[in-house]
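Throughout, protein chains are lettered first and strands after them, A, B, ... in sequence-line order, and every chain is numbered starting at 1.
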Amino acid sequence: MERGHLSASEFRGPFDLETTVTSGQTFLWRETEDGWYRTVDGDTIIEVTESDGVIDWRSNADPTEVLNRRLGLSADLPQILEAFPSEPVVQAAKERYAGLRIVTEPVWPTLISFILSAQMRIDRIHEMVTALRKSYGPAIEWQGRTVYGFPQPETLAAATEAELRELGLGYRAPYVTETAELLRDGAVDLKAVRSMEYEAAREALTEFVGVGPKVADCVLLFGMDFDEPVPLDTWIQTAIEEYFPEAAGDSYAETSRAIRDRLGPRPGYAQTYVFTHLRTGGGEQEE
DNA sequence: GACCAGGTAGCAA
DNA sequence: TTGCTACATGGT
């Protein structure tokens with residue numbers, strides 16, 4: 001086992017590991033028995049903990065580059081936060097969660113995770129993703145235990161709808177198998193999507209089954225490094241009605257454009273802060 | 001028992 | 001195009 005750490009001199013600004021990996025951007029990190037967070041990246045097992053913005057890691061390989069990408073450590077967070085709009089709810093979210101970073105997770109697991117997220121609470125999405133890993137993922141031996149990575153597209157394409165319903169996926173089960181088939185067969189080229197202009201990329205992702213504009217936004221924001229997406233979920237829809245009523249449009253595309261114009265140069269970042277703030281009780285005291 | 005959770009597909013008009 | 005409605009499951 002290798003060990004190491006990343007200190008404040010190696011990335012700019014604050015970092016809050018727990019909020020970042022449990023706030024519903026990613027479902028690929030699980031807490032260990034001793035309170036670290038573990039994920040699998042290819043053949044690499046990575047465990048991290050954080051205290052006062054310093055990250056300690058242990059792994060079977062040097063995970064520095066992977067951590068930088070996946071945990072958003074290369075972002076200039078102070079500058080991003082400085083550019084947040086002055087609306088009180090955004091500023092309140094910033095005060096409360098400074099250190100929350102937008103992740104860039106592998107696209108395929110992110111796509112499946114957010115297909116599963118429809119009408120689901122965050123803890124249950126985590127459970128479903130974990131169930132897929134345990135039932136279909138590659139097994140890796142690590143420190144005397146077996147850890148499971150995320151299954152490949154061809155593996156989930158070969159699973160049956162009935163099997164996936166057994167795991168508690170409900171009506172999302174066929175979405176998973178059909179999307180896996182589409183990807184396996186090359187019906188959508190994710191590499192091409194990555195280089196598209198934002199709205200075209202969002203549209204392209206809806207080619208998958210179980211992927212509408214909201215899920216597509218999450219995949220672009222948390223899996224493909226896009227800055228623009230503002231996923232319009234139930235929490236943000238409510239926030240728009242309450243705090244940005246003039247941005248409420250007649251369609252997803254219209255509201256998306258309007259709210260993006262109001263959230264500053266990094267709309268996705270502002271959205272994720274507000275989402276986390278509201279979902280954890282922020283804003284309840286306000287009129 | 002309603003109601004809700006990081007919505008979408010399918011279908012009617 | 002836009003506007004319903006059904007859809008699994010578990011927690012409050």
Q. Within this structure, what is the CZ-to-P distance between A/Arg124 and B/dC4, rounded to whole angstrom?
A. 17 Å

Q | Sugar-phosphate, base or nothing in reach of A/Phe208, heavy atoms under 4.0 Å | A | sugar-phosphate

Q: For B/dT8 and C/dG10, measure between their P atoms and round to the nearest Å.
A: 22 Å

Q | Distance in angstrom units between A/Arg121 CZ and C/dG11 P, rounded | A | 9 Å

Q) Tell me: CD of A/Glu127 to C1' of C/dA8, nearest whole Å? A) 14 Å

Q: Rounded to the nearest angstrom, tell me the gap between atom OH in A/Tyr171 and atom C1' in C/dC7.
A: 6 Å

Q) Using the benzene-type ring in the case of Trp, are the ring centres of A/Tyr136 and A/Tyr148 under 6.0 Å apart? A) no

Q: Tell me which of A/Ile122 and A/Val209 sits closer to the 5' end of DNA chain B, going by the nucleotide each one is nearest to.
A: A/Ile122

Q) Looking just at side-chain N and O atoms, do A/Arg101 and A/Thr272 make a donor-acceptor pair shorter than 3.5 Å? A) no

Q: Would you mind classifying the nucleic acid contact of A/Gly24 as base, sugar-phosphate or nothing, using non-hydrogen atoms under 4.0 angstrom?
A: base

**Q.** Nearest-nucleotide 5' precedence on DNA chain B, A/Ser117 against A/Gly210
**A.** A/Ser117

Q. Once you round it to whole Å, what is the distance between P of B/dG6 and CG of A/Leu205?
A. 21 Å

Q: May I have the distance from A/Asp250 (atom CG) to C/dT1 (atom P), rounded to whole angstrom?
A: 15 Å

Q: Considering only atom C1', compute the distance from C/dG3 to B/dG6 and round it to an integer number of Å.
A: 23 Å

Q. Hey, are A/Arg165 and A/Glu161 close enough for a salt bridge, meaning a charged N less than 4.0 Å from a carboxylate O?
A. yes

(Q) Nearest whole Å is fine: how far is B/dG6 P from A/Phe27 CZ? (A) 8 Å

(Q) Would the base of B/dT8 count as contacting A/Arg172 through its side chain, where contact means a donor and an acceptor less than 3.5 Å apart? (A) no

Q) Starting at CG of A/Leu169 and ending at C1' of C/dC7, how long is that distance when rounded to a whole Å? A) 14 Å

**Q.** Residue pair A/Val211 / A/Val219, side-chain heavy-atom distance below 4.5 Å
**A.** no

**Q.** Any donor-acceptor N or O pair under 3.5 Å, side chains A/Asp217, A/Tyr252
**A.** yes

Q. Closest to the A/Tyr175 side chain: B/dG6, B/dA9, C/dA8?
A. B/dA9

**Q.** Which residue lies more 5' along DNA chain C, comparing A/Asp123 with A/Ala118 via nearest heavy atoms
**A.** A/Ala118

